[in-house]
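Input: a single structure, listed below in structure tokens.
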Amino acid sequence: MEPAFSRVGVVLAGGASSRFSGEKALAVLQHRLFYERVLDAVTPHVDRVIVVSKPTLQMELSNQRDAIMIEDQPPFSGKGPIAGIYSAMKQVPAEWYVVIAVDMPLMDQKAVGKLIECVNDSFDAIVPVVNERMQPLAAIYHADCLATLHQQLLNKQYRMIDFLDSVKTKYLTEEELAIPTEAFQNINDDSSYKQLLKEIEGDR
Ligand SMILES: Nc1nc2c(ncn2[C@@H]2O[C@H](COP(=O)(O)OP(=O)(O)OP(=O)(O)O)[C@@H](O)[C@H]2O)c(=O)[nH]1
């Protein structure tokens with residue numbers, strides 16, 4: 001059966017946010033929630049966006065841009081980003097999944113567009129490497145990854161790196177990507193958020 005969509009966005013928003021006071025999805029930068037910023041970055045490039053969150057956050061996230069709101073697939077709820085990607089693939093059939101973590105508020109439409117230009121049918125995963133760090137949560141995955149993701153979860157192997165080692169992964173260099181490295185900035189804790197606000201909004 002043909003998948004319903006050729007390319008969908010996946011906003012990963014089901015994490016615990018334990019290093020952050022509050023939910024990262026609901027943090028605000030320049031008057032927009034992180035959640036809204038990431039949705040805006042992805043939406044123009046895909047057929048539909050899937051938001052993978054958790055029960056306590058579902059009520060708080062408004063359904064914008066006709067997004068498909070889902071939760072992690074039991075029994076893998078809360079098992080990390082790998083569970084979020086698996087759940088999107090399992091619940092919404094598509095060919096390609098453009099995955100962006102909700103804690104990357106500087107991702108914008110241009111950056112996501114560049115990433116999509118790098119899709120290559122010979123690979124299952126298209127993953128940027130920025131400042132020598134892999135960015136598997138701002139990356140693109142083919143539906144063929146589903147079985148491997150499932151196996152990883154069954155084996156309790158929750159690390160993205162183990163998964164990437166098990167599929168055909170194309171690592172993109174900064175030169176190939178031509179995206180400003182700031183776009184990949186990842187806000188995990190209060191101090192990185194405070195620093196971001198200072199840089200972008202000039203707060204003290
Ligand atoms: N759907 C889903 N998304 C997740 C899960 N764990 C993490 N994420 C998302 O993956 C991205 C990176 O998450 P991390 O920073 O590693 O973890 P976190 O749970 O958000 O935060 P910490 O509790 O501080 O580690 C964020 O966008 C999270 O919302 C999960 O179990 N399910």
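For ligands, and for the atoms within them, numbers begin at 1 and follow the listed sequence. The basis for the numbers below is simple: all heavy atoms, side chains too, and nothing from hydrogens, waters or symmetry mates. Along the sequence shown, residues are numbered consecutively beginning with 1.
- With hydrogens and angles disregarded, a donor-acceptor distance shorter than 3.5 Å links the side chain of Asp190 to the backbone of Ser21.
- If you run ring pair (Phe, Tyr, Trp, His ring centres under 6.0 Å) between Tyr86 and each of Tyr141, Tyr158, Phe76, Phe163, only Phe76 comes through.
- Here the rule is side-chain contact (heavy atoms from CB on, under 4.5 Å) with Gln185, and of Met107, Glu199, Gln195 only Glu199 fits it.
- Summarising the local packing, CZ of Arg32 is surrounded by more than 12 heavy atoms from other residues, nucleotides or ligands at distances under 6.0 Å.
- Ordered by chain and residue number, the residues placing a heavy atom less than 4.0 Å from ligand 1 are Leu12, Ala13, Gly14, Gly15, Ala16, Ser17, Ser18, Arg19, Lys24, Val52, Asp72, Gly78, Lys79, Gly80, Pro81, Gly84, Ala101, Val102, Asp103, Leu137, Asn188.
- Grouping the Ile, Leu, Val, Met, Phe, Trp and Tyr side chains by contacts below 4.5 angstrom, directly or via other members, places Tyr97 apart from Phe123.
- Residues Phe5 and Val98 are members of separate hydrophobic clusters, defined by side-chain heavy-atom contacts under 4.5 angstrom among Ile, Leu, Val, Met, Phe, Trp and Tyr.
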